[in-house]
Amino acid sequence: MKHENLIKRLFLHIQYVFSGVDQYDTVAVHTQKGVDFCERFTNFLKERSHIEFEYAKNLKRLVKNYQPKKKDEEEYGQFSWARAFWDLLKELHDLAGQHEVIAENTQGNVMKDLSNLIQDYKQDRKKELQEGAKIQEQLKASLAQLEKREKQYEKAFREAEKATDAYRRADADINLSRAEVEKHRNNMMLKSQQSDDCKNEYASQLQQTNQHQHEHYHTHMPQVFQRLQNIDENRIDKMKSYIKQSADIERNIIPIINTCIDGMVKASDSINAVEDSRSVVNKYKSGYPIPSDIAFDDLSNSQVPDGRNGNTLTTTPKNLNLEKGSVRQTVSGGKSKKRTGILGLFSSSKSDDPKEDFSDLPPSQRKKQLLKKIDSIKKEITRETAEREGMLKMKDVYVQNPALGDPNSLDKKIEENGEKLDSCRKELSKFVSYLDDAEGKKSTTSLAVSDDSLSRSTSDGSVNRDPNIIPPPPSIQQPNNDVYTPDIPHSPKKKSSIPDDDELHSPDEFEDPEILEQYPVIGTCRALYSFTAENEGSVTMEENEEMSVLEQDQGDGWTRVRKKDEGEGFVPTSYIQIHFFDQDEV
């Protein structure tokens, strides 16, 4: 019987070893390695994100250090090589942003999901390992109980055998009394009964232990290992998806990075050496006339006979030097000043303060600066005019609905706006005269502001103005309601803050009507909005209509244009987009 039990237990042990269920500790170590790998991968992604952030940060710092300052933009903005470099910086800044996207998506998506996976994996692994340990403890307890019952049975069995041998010897001994023999017999019966009881308990415990062992090896532990296997396989599948996801994050931004690189290539292709050279010439050309050839001074012919005493007069070197000096002075327009232009490029930048009319500049540069100043003043007039229109409309609303506000509260602001417009118009008139002087023309425009200026157009009657009326064309006089009306630069009958045409032009300047029609085309324009001419002197235009520009806005908000059907007239400057031909000159 003992041999049979030993054989069965040995067979179960062999089956236990080869089925793999005895590798509980090995499985626990393997799953712990999975946890360690997930944490290591998390640290890898963390360091990778940090590197991407640092790379993007350093790139942006580099771009910031090489960003052009306002002075550089004004000085180099007209050169294609400078614009190309600035475009490259913009593309590089966008490229740095894509590396930030890689880091942010890695941290926000992959690392977050991976952290949740590690937490769940640890909890599930701990739960299953605890369940497996509990099952193993139950089996060990059952085996220990079986061993205990087996030892009790062996002890009782030996005592029963001894009692039986003692009874047999006593029964065979004729010297013993019958009472002593009966005593040995009763002891034998007791020990035999105890042996049988221990045998039954051992058999019962053996049956229970075998049942526990069978369930342990065929049901409980395989289930635990299966759940651990599923958990580990789930971890591996998730790791696969996370690695792929991290690669996809970088793959998705590659097209954007390629776009940035294409932008850099496009910037390099935009560099034009010929155009840059033209820009340099246009920027630094002086406009001075080329001096004529210096005449040969023949000293032999300079001796003139004196009729009184026969002596000769010789031109002194002093007179010769003066004559030569006068020739040289014509190069600088008769002024003894430091030569500028292309010859002064490498001279010291320290000079006197620039004059208001830019007369200290070469002619070409002076005209360029004057045009720039005039354009700036016109923009300021447009802005102030728009602000004035808004305040007048608001005042009309307040008059119609006093609950919204007090109309008189805007009078001071409107008056200040009018003063600003008057000042801007004076500035415009002054710089236009400077430009005429630079171009060698007689000044034909004067925008001096009289006492009936904008600053005094805020009387009570100004609130009756219809806020939806577009400013009238220059040739029509606005009804006298003390509201500011756009001044008309070429209307002989207009009475406003701008002087009449007999003050602006010579008496015979407009006698010939053909002169009025012979405006040169100075640019083109496109209508941004539709406009319906309601007065004489203005023309109707449709949205996106192309027209020719004949005369610039003189600060009154109107521009003279010529339509394709040869119709001419004024249209609101704010309704059109203008391109002047002089912007294309090099």
Check whether more than 12 heavy atoms from other residues, nucleotides or ligands sit under 6.0 Å from atom NZ of Lys413, and answer yes or no. no
Any salt bridge between Glu427 and Lys430, counting N to O under 4.0 Å? yes
What is the distance from atom CD1 of Ile374 to atom OG of Ser429, rounded to the nearest 0.5 Å? 10.0 Å
Between the side chains of Ser80 and Ser270, is a donor N or O closer than 3.5 angstrom to an acceptor N or O? no
Could you walk me through whether Val539 and Glu568 pass the side chain to side chain contact (heavy atoms under 4.5 Å, CB included) check? CA-CA 7 Å; Val539 292; Glu568 294 184 11; 5.8 Å; no
Could you please spell out the steps behind the side chain to side chain contact (heavy atoms under 4.5 Å, CB included) verdict for Arg526 and Leu528? CA-CA 6 Å; Arg526 180 176 64 87; Leu528 300 176; 3.6 Å; yes
Which pair of non-hydrogen atoms, one from Asn417 and one from Glu384, has the smallest distance, and what is that distance? ND2-OE1, 2.9 Å
Tell me, with the steps shown, if Lys412 and Glu415 meet salt bridge (charged side-chain N to carboxylate O under 4.0 Å, His left out). CA-CA 5 Å; Lys412 185 177 180 180; Glu415 183 177 355; over 6 Å; no
Pairing residues for Met394 by the side-chain contact (heavy atoms from CB on, under 4.5 Å) criterion, not counting sequence neighbours: Tyr398, Leu410
I need the minimum non-hydrogen distance between Leu59 and Leu92, along with the two atoms involved. CD2-CD1, 4.1 Å
Measuring only between side-chain heavy atoms, which start at C-beta, is Gln98 closer than 4.5 Å to Val101? yes
The reported gap from CG in Asn401 to CG in Asp396 (rounded to nearest 0.5 angstrom) is 12.5 Å
Begin with the C-alpha distance, continue with both residues' side-chain angles, and end with the deciding distance and a verdict on side chain to side chain contact (heavy atoms under 4.5 Å, CB included) for Glu551 and Ile522. CA-CA 7 Å; Glu551 184 180 8; Ile522 62 176; 5.5 Å; no
So Phe358 and Phe431, would you call those rings parallel, tilted or perpendicular, with 30° and 60° as cut-offs? tilted
Drop me the distance from Lys563's NZ to Glu545's CD, to the nearest 0.5 angstrom. 4.0 Å
Let me confirm one number: the NE2-CG distance from His93 to Leu62, rounded to the nearest 0.5 Å. 11.5 Å
Please examine the side chains of Asp248 and Arg251, heavy atoms only from C-beta on, and report whether any two atoms are closer than 4.5 Å. yes
Are Ser277 and Val280 packed together at the side-chain level, in the sense that at least one heavy-atom pair is separated by less than 4.5 angstrom? no
Any sub-3.5 Å donor-acceptor pair from Ser423's side-chain atoms to Glu419's backbone N or O? no
Hey, is the main chain of Arg61 close enough, under 3.5 Å, to the side chain of Asn65 for a donor-acceptor pair? yes
Would you say that Ser538 contacts Phe531 through its side chain, given a criterion of any heavy-atom pair below 4.5 Å between the two side chains? yes
Are Glu543 and Tyr529 packed together at the side-chain level, in the sense that at least one heavy-atom pair is separated by less than 4.5 angstrom? no
Atom pair CG (Asp553) and CG (Leu428), whose distance is rounded to the nearest 0.5 Å: 8.5 Å
Is there side-chain contact between Phe580 and Gln552, with heavy atoms separated by less than 4.5 Å? yes
Any chance you could measure Thr573, atom OG1, to Lys378, atom NZ, to the nearest 0.5 Å? 8.0 Å
Salt-bridge present (Lys420, Glu416; N to O < 4.0 Å): no
I'd like to know if Glu380 pairs up with Arg383 as an ion pair, taking the criterion as any Lys NZ or Arg NE/NH1/NH2 lying under 4.0 Å from an Asp or Glu carboxylate oxygen. yes
Any ring pair (Phe, Tyr, Trp, His ring centres under 6.0 Å) pairs touching residues 47-68, not counting sequence neighbours? Tyr55-His99
Residue from Val432, Asp375, Leu435 passing side chain to side chain contact (heavy atoms under 4.5 Å, CB included) with Leu370: Leu435
Does the side chain of Cys525 come within less than 4.5 Å of Val561's, by heavy atoms? yes
If I compare all heavy atoms of Arg366 with all of Leu361, which pair ends up nearest, and what's the gap? N-CB, 4.0 Å
I'd like to know if Asp72 and Lys69 make a salt bridge, using a cut-off of under 4.0 Å between side-chain N and carboxylate O. no
Over 60° means perpendicular and under 30° means parallel, so tell me whether Tyr76 and Phe79 are parallel, tilted or perpendicular. tilted
Contact between Arg48 and Thr106 at the side-chain level, heavy atoms closer than 4.5 Å - yes or no? no
Of all heavy-atom pairs between Thr385 and Leu421, which one has the smallest distance, and what is that distance? OG1-CD2, 3.7 Å
Give me the atom names and distance for the closest heavy-atom approach of Gln78 to Asp276. O-OD1, 4.4 Å
Are the side chain of Thr540 and the backbone of Ala533 linked by a donor-acceptor contact shorter than 3.5 Å? yes
Do any pairs count as a salt bridge (Lys or Arg N to Asp or Glu O under 4.0 Å) and have a residue in residues 83-101, sequence neighbours left out, and if so which ones? Lys60-Glu100
Closest non-hydrogen atoms of Val521 and Arg562, given as atom of the first, atom of the second and distance, are CG2-NH1, 4.0 Å
